[in-house]
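Hydrogens, waters and symmetry mates are skipped; everything else that's a heavy atom, side chains included, is used. For the single chain, residues carry numbers from 1 onward in sequence order.
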Amino acid sequence: MGTASDLFAVLQSLHPSGNDPGGLIGSDPKLCAQALLVDGIAVSATTDSGLSELLWSTAGASTWLEDLQFTLGQGPALEAAATCRPILVADLSRLSAERWPQLCPEVVALGVGAIFCFPLSVGSACLGTMTLQRAAAGPLPDAAMTDAWLVANALIAILLQSDPQQGQQQAAFATASGSSDFYRAAVHNASGMVSVQADVSLAQALLRLRAHAYGHGRPLLEVAEDVVARRLVFHNDDNGPDIPAGEGTEGP
């Protein structure tokens, strides 16, 4: 069970140390999750173009949940980012399947019973999201909810303070190369490539990538890597992408 001293230690260590200049968030996400009485936490930055970047997360279900939302284009983090409001689902088994039709079965299969997503927003501008997940259904206790907002506010301060270095975040995500330190660099780069290949906007390019990934049962990141490596080429038609002979990595 988390204690006030646990939370204080997490808040004190959220800023990265000088020994880790490349990290935006310094604390151990597992310790943060324990302090907030949940099983996992994930923090992603968001941009107006519909792209997002996973910045910090516990291993396992939280990372998978972020990747699923990114692949499917639906879920609590996208809703929180779009509305600047918290999305609190205390019992996923009671959630209407129509809300996130593709995501819900996948999340239940991960063993997630409850999700609590907080926007990292300043006014009407959403800088990112903090998503907490837990296997056990049920609401967050009042004290844990208060603590979650404290962590969210601390994360907002970190994102704002990093602005001189991260202020061109949206452009950097859209043009990130495969060798970039961004977790989803290939997706950001592939969206730009598909936008040019198919003569569509970046948002439409991302939709095409997501549709192809979902239709073939593959992770979005894997499909993006094929685009960057030119194993997949999209065109401005309804025939789907070209797959050079012997080069595709299609799923079953």
Side-chain angles (χ1 to χ4, degrees), residues 1-47 52-67 69-70 75-90 92 107 110 112-163 165-166 169 183:
M1 177 178 293
T3 65
S5 60
D6 292 336
L7 180 66
F8 179 77
V10 167
L11 292 173
Q12 287 290 98
S13 61
L14 278 176
H15 286 271
S17 66
N19 296 327
D20 184 23
L24 187 63
I25 305 171
S27 182
D28 182 348
K30 185 175 181 180
L31 293 179
C32 186
Q34 291 173 348
L36 297 178
L37 306 181
V38 293
D39 296 329
I41 182 173
V43 175
S44 289
T46 59
T47 71
S52 67
E53 178 64 28
L54 180 61
L55 301 177
W56 189 65
S57 69
T58 50
S62 286
T63 300
W64 275 104
L65 176 59
E66 291 297 296
D67 284 346
Q69 293 182 87
F70 190 71
L78 280 77
E79 283 195 17
T83 63
C84 287
R85 295 179 179 178
I87 304 298
L88 310 175
V89 183
L92 279 167
V107 174
L110 286 176
V112 176
I115 295 175
F116 313 100
C117 188
F118 301 82
L120 306 179
S121 57
V122 179
S124 61
C126 187
L127 308 177
T129 56
M130 178 184 78
T131 304
L132 312 178
Q133 59 81 19
R134 193 178 59 199
L140 276 179
D142 290 344
M145 182 68 73
T146 299
D147 290 346
W149 279 115
L150 287 174
V151 173
N153 287 330
L155 290 168
I156 291 170
I158 290 174
L159 291 176
L160 289 174
Q161 289 173 9
S162 71
D163 188 62
Q165 297 172 338
Q166 304 288 334
Q169 188 167 270
Y183 177 73

Check step by step if side chain to side chain contact (heavy atoms under 4.5 Å, CB included) holds for D39 and V112. CA-CA 9 Å; D39 296 329; V112 176; over 6 Å; no
Shortest non-hydrogen contact between [X] and [Y], atoms and distance:
X: T58; Y: G40; result: OG1-CA, 3.2 Å
X: A80; Y: P119; result: O-CB, 3.7 Å
X: C126; Y: T46; result: O-OG1, 3.1 Å
X: L159; Y: L120; result: CD1-CD1, 3.9 Å
X: A77; Y: C117; result: CA-SG, 3.5 Å
X: L65; Y: L110; result: N-CD1, 4.2 Å

If you look only at distance, which donor and acceptor atoms sit under 3.5 Å apart when one is on a side chain in residues 129-145 and the other is two or more places apart or in another chain?
unit_1: Q133; atom_1: NE2; unit_2: S62; atom_2: OG; d: 3.2
unit_1: R134; atom_1: NE; unit_2: A136; atom_2: O; d: 2.9
unit_1: R134; atom_1: NH2; unit_2: G138; atom_2: O; d: 2.2

Out of V107, V38, I87, which residue meets the side chain to side chain contact (heavy atoms under 4.5 Å, CB included) rule with I115? V107
Interatomic distance, CG@D6 vs SG@C32, rounded to 0.5 Å, equals 10.5 Å
From L36 atom CG to L31 atom CG, the distance as rounded to the nearest 0.5 Å: 11.0 Å
Write out all pairs satisfying side chain to side chain donor-acceptor pair (under 3.5 Å) with one or both partners inside residues 76-87, taking only residues at least two apart or from two chains. E79-R99, E79-W100
With the side chain counted from C-beta on, respond yes when L14 and L155 share a heavy-atom pair under 4.5 Å apart, and no when they do not. yes
Any side-chain heavy-atom pair of L78 and F70 under 4.5 Å: no
Can you name the residues that form a side-chain contact (heavy atoms from CB on, under 4.5 Å) with N153, not counting sequence neighbours? I156
Tell me which pairs pass salt bridge (Lys or Arg N to Asp or Glu O under 4.0 Å) where either residue lies in residues 112-133, with sequence neighbours left out. none
Applying ring pair (Phe, Tyr, Trp, His ring centres under 6.0 Å) to F116 and not counting sequence neighbours gives none
